[in-house]
Each structure stands twice: as C-alpha cells, then as structure tokens.
Amino acid sequence: MQIRARKLRQAGSSKYFILEEARETISKRLYKPNQPREKKAPYTFKTGAVYIGQWKGGFRDGYGEQKWPDGAKYMGEWVDNRAYGKGRFVHCDGDVYDGSWVND
C-alpha cells in the first residue's frame, strides 16, 4: 500500500506549461514573427518533457504535442511558445480537457 500511495502522490506532482520551459527554447536572436514555421526533431526539456511539432524560431508555434515525465500530454495548437487555440490535455490520472486554450 505504501508504494501505491507514493506513486499517486508523485503522479500529480508535475507542473505543466511552465515559464522555465518556454525560456529554455528562446535564442538570443531577435524574434521574427513573419518567419516560416518548421518541423524540427523532438526537443527534450530539462524537466524531461518532450515536444514534437512545429516551431517558429525558438518558439513552439503551430501544431505540436508535448508529453511530460508523469505521462500527461497536450496535443494541439501553440502560439508564441504557449498552448493557444484548440487542444486536448490528458492528465496523468486520465482526466481529459478538450477545448480552447489561451496563453498556457
């Protein structure tokens, strides 16, 4: 029972859409909003989260999927490194939010 209780506590302990992840991908170059979106290789953040999708410079921008170490996952639209637009978030406990996102 102790092991199961510990796993349950750990499962909900992750933080999602944190500023540190957004800052990690931004280069020191100027952001050019008119540059084209491009697909790059999967990016693994220092937090262990992995992003696969479109980029505009150092910003997640366009469609992408991000999965966190605890199994939570967001699939949807990104704008300027934030979840923005239509998306689906599946929490590590199976709870699902499917809808609109703004600046997350």
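Values below: all heavy atoms of this structure, side chains included; hydrogens, waters and symmetry mates excluded.
- By the 4.5 Å heavy-atom criterion applied to side chains, D104 and R82 are not counted as neighbours.
- Residues W78 and Y97 share a hydrophobic cluster, clusters being chains of Ile/Leu/Val/Met/Phe/Trp/Tyr side chains in contact below 4.5 Å.
- Looking at W55, its side chain never comes within 3.5 Å of a backbone N or O of E38 through a donor-acceptor pair.
- Donor-acceptor pairing under 3.5 Å is recorded for the side chains of D70 and Y16.
- Residues I52 and K39 form a side-chain contact, since some pair of their non-hydrogen atoms from C-beta on lies under 4.5 Å apart.
- What you find for R88 and D98 is that their closest heavy atoms are NH1-OD2, 3.3 Å.
- Residue F17 is tested with F45, Y84, W68 for a ring-ring contact (aromatic ring centres under 6.0 Å, His included); the sole match is W68.
- Side-chain contact check for T25 versus F59: every heavy-atom pair is 4.5 Å or farther apart.
- No donor-acceptor contact under 3.5 angstrom links the side chains of Y51 and E21, judged on distance only.
- No path of Ile, Leu, Val, Met, Phe, Trp and Tyr side chains, each step under 4.5 Å between heavy atoms, connects V79 with F89, placing them in separate hydrophobic clusters.
- With hydrogens and angles disregarded, a donor-acceptor distance shorter than 3.5 Å links the side chain of N81 to the backbone of R60.
- The closest donor-acceptor contact from the side chain of E77 to the backbone of K86 lies under 3.5 Å.
- Of all heavy-atom pairs spanning P69 and A49, the tightest one is CD-N, 3.9 Å.
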Could you please spell out the steps behind the side chain to side chain contact (heavy atoms under 4.5 Å, CB included) verdict for V90 and M75?
CA-CA 9 Å; V90 181; M75 300 145 288; 3.9 Å; yes

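- Here the side chains of D61 and Q54 are not in contact, with every heavy-atom distance at 4.5 Å or above.
- In this structure the side chain of E65 reaches within 4.5 angstrom of the side chain of K73, judged on heavy atoms.
- Rounding to the nearest 0.5 angstrom, the gap separating the NE2 atom in H91 from the OH atom in Y74 is 16.0 Å.
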